[in-house]
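Take a look at the structure set out below.
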Amino acid sequence: MTLRRKLEEKFFRVLTALVALLVVFVLAHILYTIISKGASSLSWEILSQEPKGGFYMGGGGGIVNAIAGSFYLAIGASILAFIVSLPVALFINIYLIRYRRLLIGVRFFLDVLWGIPSIVYGAFAFTIMIFFGLRNSLGAGIVTVGALIAPIMIRAMDEVLKTIPIGLQEASYSLGSTKTETAYKIFFKQALPGFATAVLLAFGRGIGDAASVLFTAGYTDHVPRNLSDPTATLPLSIFFQLGSPIEEVQNRAYAAAIVLTFIVLCISITARVLYRKK
Amino acid sequence: MSIKTTIPVISKEAAHFQVVPGEVPVLNIRNLNVRSKNAQILKNINLVVPKNKITVLLGPSGCGKTTLLKCMNRLTDLYSELKLDGSIEIDGEDILSGKYDITQIRQKMGLVMQRPFPLPMSIYDNIAYGLKIKGIRKKSIISEKVEKHLREVALWDEVKDRLKTSAQRLSIGQQQRLCLARGLAVEPEIILADEPTSALDPISSRVIEEEFLKLKADYTIILVTHILRQAKRLADFVVFMYYGEIVEYGPASEIFENPKTDILKEYLRVGH
Ligand SMILES: Nc1ncnc2c1ncn2[C@@H]1O[C@H](COP(=O)(O)OP(=O)(O)OP(=O)(O)O)[C@@H](O)[C@H]1O
Ligand SMILES: [Mg+2]
């Protein structure tokens, strides 16, 4: 019996270690590939300039249009998603908490939304834009990516709110708080560190997505000046440059990939740290 | 006494739960039943709580004391699985009827819970919160009350230099006193205290007990405790519960010196 348990313990420890190693290996390999191909093309010029004439044929300039565009888009989308997600997540946990079955349904529905491929969001938004005769724009991209990441944000917030003990809710009510006060004064404060993580997670998902912005935000060589301008994004910048037969341009795609990966890694790590601190 | 006639007799069994002559009833619970999906947690509770007295709820763990307190300020609303019927009247209003503003009911019935849950804010704000909800805005009044109530629960000296730090960092005993102060700050008519000294050392417990005896002048107190000696020190009236029922009810002296049921005799003998 003890021998069996020992073997069992050993087996699972080795298995866990192997899987962990595999994951680390894959990540390391991806990083190695993009860095070895892209690092030589990384320069101040590429980070700070808009593409010049013939950029996609190997001409001068950089990808600041895509870097700035991605940030504008992801920040805009995160703000928009936050404005929608906060009340929804609080509503679920304050008002729906009494209705078990409905609650399960709503959470399931959000998980389904989470699972819908981003190209579907993009295509859906595109048909709406055609209907209203709208052009590709930063604004349209923000709305689409916002819709894409809102379910993620809501569910991440929901998970945080779920951990709040019922006793805290009772404490709030027994002082005479209304539901709204309980939501925005007590739950919100208690969940704030977790909310930061939720927002960053959604931001990371938004900034890396190509399919949802393909038809909606468009692509341009210029940093957008307002919401109605089309905008470039890093994923699409990588996509267009990788499609080039010219090796130099391909390497620039990897440089853009380094930038994107770096941003996403930073955000994930910050999210983790914030979550731990909680 | 005219009061006696205002309380209708519910049933024969309930008759001895009626108000004692000379006492003013503030809370009148009639035929209260609480059911969960597969059990009846409270069974036909009839209880009249006299004003400006300490009524102690005694009974073994799991007999429904906390549930009874939660009914009194309708925290049971939070649990969809609990079904209530009967009535709980305060100032002649049935709070279970759903006609009244629930937040005001809860401010009348300040519940101090069995386990302390400080709000996610500073020590100061934990007390100020209830005041602000009641519409008190003036900073000087709030500060004054914060100090007053923290002193009442013997916490002031320990925290006066860190009022702005998070209340969730306090020790459990400190949290318990903070939550009591927070409940008092709302100035309810009735204080529902669920084992308010369970995490406290003997000296702090005594301070709280003294406080309850003082508070009696202005408030009606319903207290749950597992400490028999504490019950003897504080109780004017005692309710003894067993498996969701009120088994005995009466003035403290009668209950302690002259228990009628075997189960209460046993409880008092072992608990001594
Ligand atoms: N929401 C609920 N759903 C189902 N059963 C419940 C619920 N709340 C309480 N109960 C049950 O009701 C009974 C009484 O619980 P309660 O907390 O009122 O006991 P108590 O007298 O306060 O005990 P203790 O002295 O241990 O605090 C217990 O059996 C408990 O499991
Ligand atoms: Mg209890």
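Source: prediction; values computed, not measured. Here is the naming used below: chain letters follow the sequence lines, and residue numbers restart at 1 for every chain.
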### Leu78(B), part contacting chain A, at a heavy-atom distance under 4.5 Å
both
### Query
Of the backbone (N, CA, C, O) and the side chain (C-beta and beyond), which part of Pro116(B) lies under 4.5 Å from a heavy atom of chain A, both, or neither?
neither
### Message
Can you confirm whether the side chains of Thr197(B) and Gln230(B) place a donor and an acceptor under 3.5 Å from each other?
### Response
yes
If the cut-off is 3.5 angstrom, what donor-acceptor pairs do you find between chain B and chain A?
unit_1, atom_1, unit_2, atom_2, d
Lys70(B), NZ, Glu170(A), OE2, 3.0
Asp77(B), O, Arg98(A), NE, 3.4
Asp77(B), O, Arg98(A), NH1, 2.8
Tyr79(B), OH, Glu170(A), OE2, 2.3
Ser80(B), OG, Arg98(A), O, 3.0
Tyr129(B), OH, Ser177(A), OG, 2.9
Gln168(B), NE2, Gln190(A), OE1, 3.0

A side-chain contact here means heavy atoms from C-beta on lying under 4.5 Å apart; do [X] and [Y] qualify?
X	Y	answer
Ile97(A)	Leu103(A)	yes
Leu68(B)	Ile222(B)	no
Thr220(B)	Pro50(B)	no

### Task
Check Ala235(B) against Val56(B) and note the closest heavy-atom contact, atom names and distance.
CB-CG2, 3.4 Å
## Note on the structure
Of the listed Leu75(B), Leu111(B), Val112(B), Val186(B), the one with the largest count of heavy-atom pairs under 4.5 Å with chain A is Leu75(B)
### Query
Would you call the rings of Phe195(A) and Phe82(A) parallel, tilted or perpendicular, where under 30° means parallel and over 60° means perpendicular?
perpendicular
### Task
Can you measure from CD1 (Ile95(B)) to CD1 (Ile90(B)) and round to the nearest 0.5 angstrom?
7.0 Å
